[in-house]
S.K.: 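Handing you this structure, nothing more for now.
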Amino acid sequence: MTLDILLYGLVDPQIARGRSLAELARAAAKGGATLIQYRAKEASTREMVREARAIHAALAGTGVPLLINDRVDVALAAGAEGVHLGADDMELADARRLLGENAIIGATLGEAAELPYLASARIDYACVGPVFATQHKDDADIPLGLDGYAALRRQAAEALGLLPVGAIAGINASNAASVMAAGADGVAVIGAMFGADDVEGATRALRAAMGVSPPR
């Protein structure tokens, strides 16, 4: 399945307001999300696997891959296309060994000191953040801001070559274009997509704000 990090939606039960995560993910895909991540920090392993399978089934036929936040075991059990791993998660090399050559593996990049580690691993993309303040992550670091993001993005280009590098945290339709102008290959969004009553419409609005035509 093709990887495109242009508009990366993170679906999380904390923002779903009781709605079906599978239906939210499907709506985002219809609106033009290019990648979906399932994140559930508080859920049990069994619940995560059940939910991931439902989301994966809902995305079938859309061409949009599903990644699992933090959990290689859940990705394997649910048949998801890959994982997104942070600095405290499983080693990237171990995740690649367990998931295989065709899996999509993404990594969080918060500071330049992490670049040698990311450059040593076989990852498919990196996501830099937090760019702006966010209410959707309790332990978020101090925001980089646009200038900080642009500087770290340039350092990532030197260390990671042509690897796609996205941006995360506090990104919405009013600032997505400026983040792209700062060098991002894509934006990862939570509230501006899944906090909306109309998730498909909100996703289309994000694409429009980024100057990218929404799907028909």
S.K.: Say you draw a straight line from CG of L35 to CG of L6; how long is it, rounded to the nearest 0.5 Å?
M.R.: 10.5 Å
S.K.: I need the I171 CD1 to I190 CD1 distance, nearest 0.5 Å.
M.R.: 10.0 Å
S.K.: I'd like to check R207 versus P215 (side-chain heavy atoms, cut-off strictly below 4.5 Å). Are they in contact?
M.R.: yes
S.K.: Measure across V74 and A52 and return the closest heavy-atom pair with its distance rounded to 0.1 Å.
M.R.: CG1-CB, 4.1 Å
S.K.: Quick check on side-chain contact (heavy atoms from CB on, under 4.5 Å): which of L67, V72, I123 does I105 satisfy it with?
M.R.: I123
S.K.: Does R17 have more than 12 heavy atoms from other residues, nucleotides or ligands lying within 6.0 Å of its CZ?
M.R.: yes
S.K.: Of the non-hydrogen atoms in P116 and A112, which two are nearest, and what is the gap between them?
M.R.: CD-O, 3.8 Å
S.K.: In Å, rounded to the nearest 0.5 Å, how long is the span from CD1 of I36 to CD1 of I68?
M.R.: 11.0 Å
S.K.: Given N172 and F132, is the side-chain contact (heavy atoms from CB on, under 4.5 Å) satisfied, shown in steps?
M.R.: CA-CA 10 Å; N172 52 48; F132 304 115; over 6 Å; no
S.K.: Mind checking the CG-CZ spacing from D198 to R204? Nearest 0.5 Å is all I need.
M.R.: 9.5 Å
S.K.: For A196 versus A202, what's the shortest heavy-atom pair and its separation?
M.R.: CB-CB, 3.6 Å
S.K.: Any idea which heavy atoms bring A103 and D124 closest together, and the distance?
M.R.: O-OD2, 3.3 Å
S.K.: Nearest 0.5 Å, please: how far is OH in Y38 from CE in M48?
M.R.: 5.0 Å
S.K.: Hey, are the side chains of V187 and M193 touching, using non-hydrogen atoms and a 4.5 Å cut-off?
M.R.: no
S.K.: Report the C-alpha separation of S20 and R26 in whole Å, then their side-chain angles, then the decisive distance to 0.1 Å, and conclude whether the side-chain hydrogen bond (donor to acceptor under 3.5 Å, both in side chains) test is met.
M.R.: CA-CA 10 Å; S20 161; R26 177 79 181 185; over 6 Å; no
S.K.: When you look at H56 and E81, which way does the side-chain contact (heavy atoms from CB on, under 4.5 Å) test go after all the steps?
M.R.: CA-CA 9 Å; H56 198 234; E81 279 70 34; 2.9 Å; yes
S.K.: Under a 3.5 Å distance rule, please check whether E114 uses its side chain to pair with a backbone N or O of G110 as donor and acceptor.
M.R.: yes
S.K.: With a 3.5 Å cut-off and sequence neighbours excluded, list the donor-acceptor pairs that the side chains of residues 152-168 form with protein atoms.
M.R.:
residue, atom, partner, partner atom, Å
R153, NE, G183, O, 3.1
R153, NH2, D185, OD2, 2.9

S.K.: Is the closest side-chain heavy-atom distance between D70 and Q37 below 4.5 Å?
M.R.: no
S.K.: Kindly give the heavy-atom pair with the smallest separation between A173 and A209, and that separation in Å.
M.R.: O-CB, 3.2 Å
S.K.: Side-chain contact, heavy-atom cut-off 4.5 Å: L76 with L99?
M.R.: yes
S.K.: Could you walk me through whether V189 and F194 pass side-chain contact (heavy atoms from CB on, under 4.5 Å), step by step?
M.R.: CA-CA 8 Å; V189 178; F194 295 111; over 6 Å; no
S.K.: May I ask you to decide if A29's main-chain N or O and T62's side chain share a donor-acceptor pair within less than 3.5 Å?
M.R.: no
S.K.: Would you confirm whether Y117, through its side chain, and L92, through its main-chain N or O, come within 3.5 Å as a donor-acceptor pair?
M.R.: yes
S.K.: Do the side chains of M90 and V83 get nearer than 4.5 Å, heavy atoms only?
M.R.: no
S.K.: Do you know which two heavy atoms are closest between R19 and A16, and how far apart they sit?
M.R.: NE-O, 2.8 Å
S.K.: Any sub-3.5 Å donor-acceptor pair from R53's side-chain atoms to A77's backbone N or O?
M.R.: yes
S.K.: Tell me whether R71 contacts the main-chain N or O of T45 through its side chain, where contact means a donor paired with an acceptor under 3.5 Å.
M.R.: no
S.K.: Go through the steps to decide whether I104 and Y125 satisfy the test side-chain contact (heavy atoms from CB on, under 4.5 Å), and finish with yes or no.
M.R.: CA-CA 8 Å; I104 298 170; Y125 73 90; 4.2 Å; yes
S.K.: Enter the distance from I15:CD1 to R39:CZ here, rounded to the nearest 0.5 Å.
M.R.: 9.0 Å
